[in-house]
Amino acid sequence: MPRRYRNRASVSGQRGFALIAVVSLIVLISAYLLVKQLNATTSLTGDRLNYNAKVLNQAKHALIGYVAQQASQSGEPNPGRLPCPEAAGFYGDPAQEGKASPNCTLPAVGRLPWRTLGLDKLVDAASEPLWYVVSTGWALPSSGATLVINSNTRGQLTVDGVANDAVALIIAPGAAFTVQAAAGCAARSQTHPTAAGTLNLSNYLECENAFPAPPSPADANFVTTGPSGSFNDQVLRVTTADLLPEIEAAIAVRIQREIVPVLKTVYADPVPPTNPSWGSGISATNPLFPYPAPFGNPSASNFQGAAVTVVGAPQGLLPFNQTQGCDPATDVRCTTTLTAWASGTPPDVTQVGGFGYFQTKTCSWQSGGNDAYCEGEYHEDDAHPSWPGMVISMTATINNVAMGLRILDTTKATIEAENNDPWGAPLTIVTPSINATMNSNGSVTITFSGTLPNIDVQGWDSWALYRIRLKRSVIGDHPLLDATTLGAGSTGWFARNEWYRLLYYAPAPGHTAAALPTPSCTSGGTCLSVTNVTPANKQRAILILAGRSLTNPAGRPNGNLADYLEFGNADLNATFEQRTVSRAIGAPFNDRVVVLDANP
């Protein structure tokens, strides 16, 4: 009996130990699952946190570098644009995944386009590829779309309740887990598919980062933290402070490379090349530059140049006004009155050579005062019927040409002749010769002439009809003002992205119309001086690209020059400066001086 009792006790003890072992195993499994859940939701600390931070920063730097590199490329029509997320159809395709979609509905959420950024496939501590959010206004919403990105452009993502906080987000999604319902968080049992298909962001992101759930488009609200047990995203912002310094550096290079050569020749080279220049003393050696527009709020300025000298030097905004193809009711830069006829009396037509004479002559304004027009009859030279026909000419002056960027449009000056017999020869178009001369008050005097057909040689009657017309639009808008041009060699990106609103401009007084007939400045004297820029004290004209505001980013655009330029560039004298531009947060200087022209 005692022995049997001992055996039963031994069996019972073994069963107890087995039960304890089972319970212990259950506890261990439960603890493991709990720790796994906690690790997935609330324990992004230590190695996991550091690893994710490293990977996220690598992706951020690659994104910024990609944007800067693209912005610097000639022919890039939208410098500063961000790529869209990975194209949805590329998931699961080893040859295509990681490539950005060419356009996307914004704001857009998807996987980071690592291949487009030139990266290896980056994954977080849970071995999950990174996700990416891009703001409205910073990526292409459709094929052929264009953007307006400059130093005043803000991000449109709201992060942790702060509006305009970021232009993009890069997110380490963490492991899939069962998301608990909480304030601002929807319950969900996440799964991460491994085969091809359409990715559901709710399987990767949580709470506000996953709202509204597909197929609805993403909203602009995101968070970096969430309730315990409901959130394991690790989020890194990309802000304008991160991105704009690199974009501005690229834009300064493109302005020097693509815009400066155009500005240097607006009033320096013959226009058109086969005719005399804007004046006998104006040339590439002695260039003339337009007057600046007085500085004011660039979003409200009419950008009309003015012959005003501020403390020794004219300076302000680039005179980026338009006179044609625009609507004054919707664009303050559009003016139909700036380039106006200098005289209220229509110009006369005169004979300046050839043979024959005017039989009748009538001159008037036409097309609402925009066209100077003369017509009448001219007679053959009875004594010399075979000698050249009459040479006729018209001279007129148009005001305020030097207050903007203009060209001479020779198609707006025409001379016509035809036989007085309506059944006679067809209309003859005479090719005119045109000269344009800039005057010291900024006006331009235009003279054009042409030889009328010899009546006898043509076999016409003894007299014929002539018409001569000069349109006010003979002074046209320079192509640099055109925001619609695209493609390699185009300057349309400059106007379209409104970088002219961030460009401060100063010519030396000796290179404005006031110095005619021969523009010039003296090195070390009347030229501009720019500290730390060579050649020293020889600048004929400069541009200063204003970076994002370092003092009042939320207050721009405004009319306070100190919110655009720093130190000596904002004190309205003829001495300017270039300092080292630091990318560091809180750096005090981000002006970039671009020399437009300098004495040799």
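Y132 places a side-chain heavy atom less than 4.5 Å from the side chain of L82. Annotation: side chain of V109 is not in contact with side chain of P107 (no heavy-atom distance under 4.5 Å). For the pair L140/P102, no side-chain contact is recorded, criterion being any heavy-atom separation below 4.5 Å from C-beta on. The shortest distance between side-chain heavy atoms of S135 and Q156 falls below 4.5 Å. Under the 4.5 Å side-chain criterion, counting only non-hydrogen atoms from C-beta, F222 is not in contact with E208. The shortest side-chain heavy-atom distance between N370 and S473 does not fall under the 4.5 Å cut-off. Contact of the Y504 side chain with the Y564 side chain is not registered, since no non-hydrogen atoms from C-beta on lie closer than 4.5 Å. Between P79 and I251 the shortest side-chain heavy-atom distance falls below 4.5 Å.
Using modelled atom types, no side-chain atom of N497 and backbone atom of W499 make a donor-acceptor pair closer than 3.5 Å. With hydrogens and angles disregarded, no donor-acceptor distance shorter than 3.5 Å links the side chain of H511 to the backbone of A541. Between the side chain of E76 and the main chain of N78, a donor-acceptor pair closer than 3.5 Å is present. In terms of modelled atom types and a separation under 3.5 Å, the side chain of S299 and the main chain of P557 share no donor-acceptor contact. With hydrogens and angles ignored, the 3.5 Å screen pairs a side-chain donor or acceptor of Q324 with a backbone N or O of I475. In this structure a side-chain-to-backbone donor-acceptor pair under 3.5 Å is missing from T485 to S490. For R496 (side chain) and T484 (main-chain N/O), no donor-acceptor pair under 3.5 Å exists by modelled atom type. Counting only distance, with no hydrogens or angles, the side chain of T534 and the backbone of A536 share no donor-acceptor pair below 3.5 Å. The main-chain N or O of P290 is found under 3.5 Å from a side-chain atom of Y505 such that the two form a donor-acceptor pair. In this structure, the side chain of N439 does not engage the main chain of N441 through any donor-acceptor pair within 3.5 Å.
No side-chain donor from either of Q578 and T531 sits under 3.5 Å from a side-chain acceptor of the other. No hydrogens or angles considered: nothing links the side chains of T339 and N400 as a donor-acceptor pair under 3.5 Å. Counted by atom type alone, N558 and N560 present zero donor-acceptor pairs between their side chains at under 3.5 Å. A side-chain donor from one of T445 and T397 sits under 3.5 Å from a side-chain acceptor of the other. Judged purely by distance below 3.5 Å, without hydrogens or angles, the side chains of D124 and N52 never pair a donor atom with an acceptor atom. Side-chain atoms of W493 and E258 include a donor-acceptor pair closer than 3.5 Å. With no hydrogens or angles considered, no side-chain donor-acceptor pair links Q322 and D477 at under 3.5 Å. Using modelled atom types, one finds a donor on one side chain and an acceptor on the other under 3.5 Å when comparing R257 with S74.
Contact record, C84 with S101: CB-O, 3.2 Å, taken as the closest heavy-atom pair. L317 and S301 make their closest contact through CD1-OG, 3.7 Å (heavy atoms, listed as atom of the first residue, atom of the second, distance). Nearest heavy-atom pair across A436 and L408 is CB-CD2, 3.9 Å. Nearest heavy atoms, N286 versus G281: CB-O, 3.6 Å. The two residues H478 and V262 come nearest to each other via the heavy atoms CE1-CG1, 3.2 Å. Residue G155 comes nearest to T240 through the heavy atom pair N-CG2, 3.8 Å, listed as atom of the first residue, atom of the second, then distance.
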Please determine whether side-chain contact (heavy atoms from CB on, under 4.5 Å) holds for the pair I542 and V594, giving the CA-CA distance in whole Å, both sets of side-chain angles, and the decisive distance to 0.1 Å.
CA-CA 6 Å; I542 65 167; V594 177; over 6 Å; no
Do D165 and L157 pass the side-chain contact (heavy atoms from CB on, under 4.5 Å) test, and can you show the C-alpha distance, the side-chain angles, and the key distance before you say yes or no?
CA-CA 6 Å; D165 189 54; L157 298 178; over 6 Å; no
Please lay out, stage by stage, how L169 and N209 fare under the test side-chain contact (heavy atoms from CB on, under 4.5 Å).
CA-CA 10 Å; L169 303 174; N209 296 347; 5.7 Å; no
Take D160 and R237 through the salt bridge (Lys or Arg N to Asp or Glu O under 4.0 Å) test and state the conclusion after the steps.
CA-CA 11 Å; D160 294 337; R237 298 174 180 84; 3.3 Å; yes
Could you go step by step and tell me if L543 and L263 meet the side-chain contact (heavy atoms from CB on, under 4.5 Å) rule?
CA-CA 11 Å; L543 305 168; L263 286 175; 4.0 Å; yes
Donor-acceptor pairs are to be reported for all side-chain atoms of residues 515-528 against protein atoms at under 3.5 Å, with residues two or more places apart or in another chain.
from	atom 1	to	atom 2	distance (Å)
S523	OG	N599	ND2	3.1
T526	OG1	T522	N	2.7

Please list every donor-acceptor pair under 3.5 Å in which a side-chain atom of residues 584-593 meets a protein atom from a residue at least two apart or in another chain.
from	atom 1	to	atom 2	distance (Å)
N590	ND2	R548	O	2.9
D591	OD2	E566	N	2.9
D591	OD2	N569	ND2	2.9
R592	NH2	P245	O	3.4

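Atom CG of N399 and atom OG1 of T337 lie 11.0 Å apart (nearest 0.5 Å). Considering CG of L561 and CG of L572, their distance stands at 6.0 Å, rounded to 0.5 Å. Separation of atoms CD1 (I171) and CG (D233) is listed at 5.5 Å; rounding is to 0.5 Å. Taking CD1 of I170 as the start and CG of L130 as the end, the distance is 7.5 Å to the nearest 0.5 Å. For the atom pair CD1 (I544) and CG (L502), the distance works out to 12.5 Å, reported to the nearest 0.5 Å. Here the OG1 atom belonging to T116 is positioned 9.5 Å from the CD atom belonging to Q70, to the nearest 0.5 angstrom.
Relative to the six-membered ring of F567, R579 meets both conditions, a distance below 6.0 Å and an angle of at most 45° to the axis.
Legend: residues meeting ring pair (Phe, Tyr, Trp, His ring centres under 6.0 Å) with W131, ordered by chain and number and at least two apart, are Y204. Remark: Q304 engages N302, N321, T335, L338 in a side-chain contact (heavy atoms from CB on, under 4.5 Å) (not counting sequence neighbours).
Among the candidates R111, R115, K99, the single residue satisfying the side-chain hydrogen bond (donor to acceptor under 3.5 Å, both in side chains) test with E86 is R111.
Applying the salt bridge (charged side-chain N to carboxylate O under 4.0 Å, His left out) test to every pair with at least one member in residues 238-247, sequence neighbours left out, gives these pairs: K60-D242, E246-R583. For the side-chain hydrogen bond (donor to acceptor under 3.5 Å, both in side chains) condition, the pairs that include at least one residue of residues 142-152, sequence neighbours left out, are S151-E248, N152-R556.
F320 and Y500 have parallel rings, their planes meeting at less than 30° on a 0 to 90° scale where 60° marks the start of perpendicular.
Taking the six-membered ring for Trp and the full ring otherwise, Y267 and W278 have centroids separated by under 6.0 Å.
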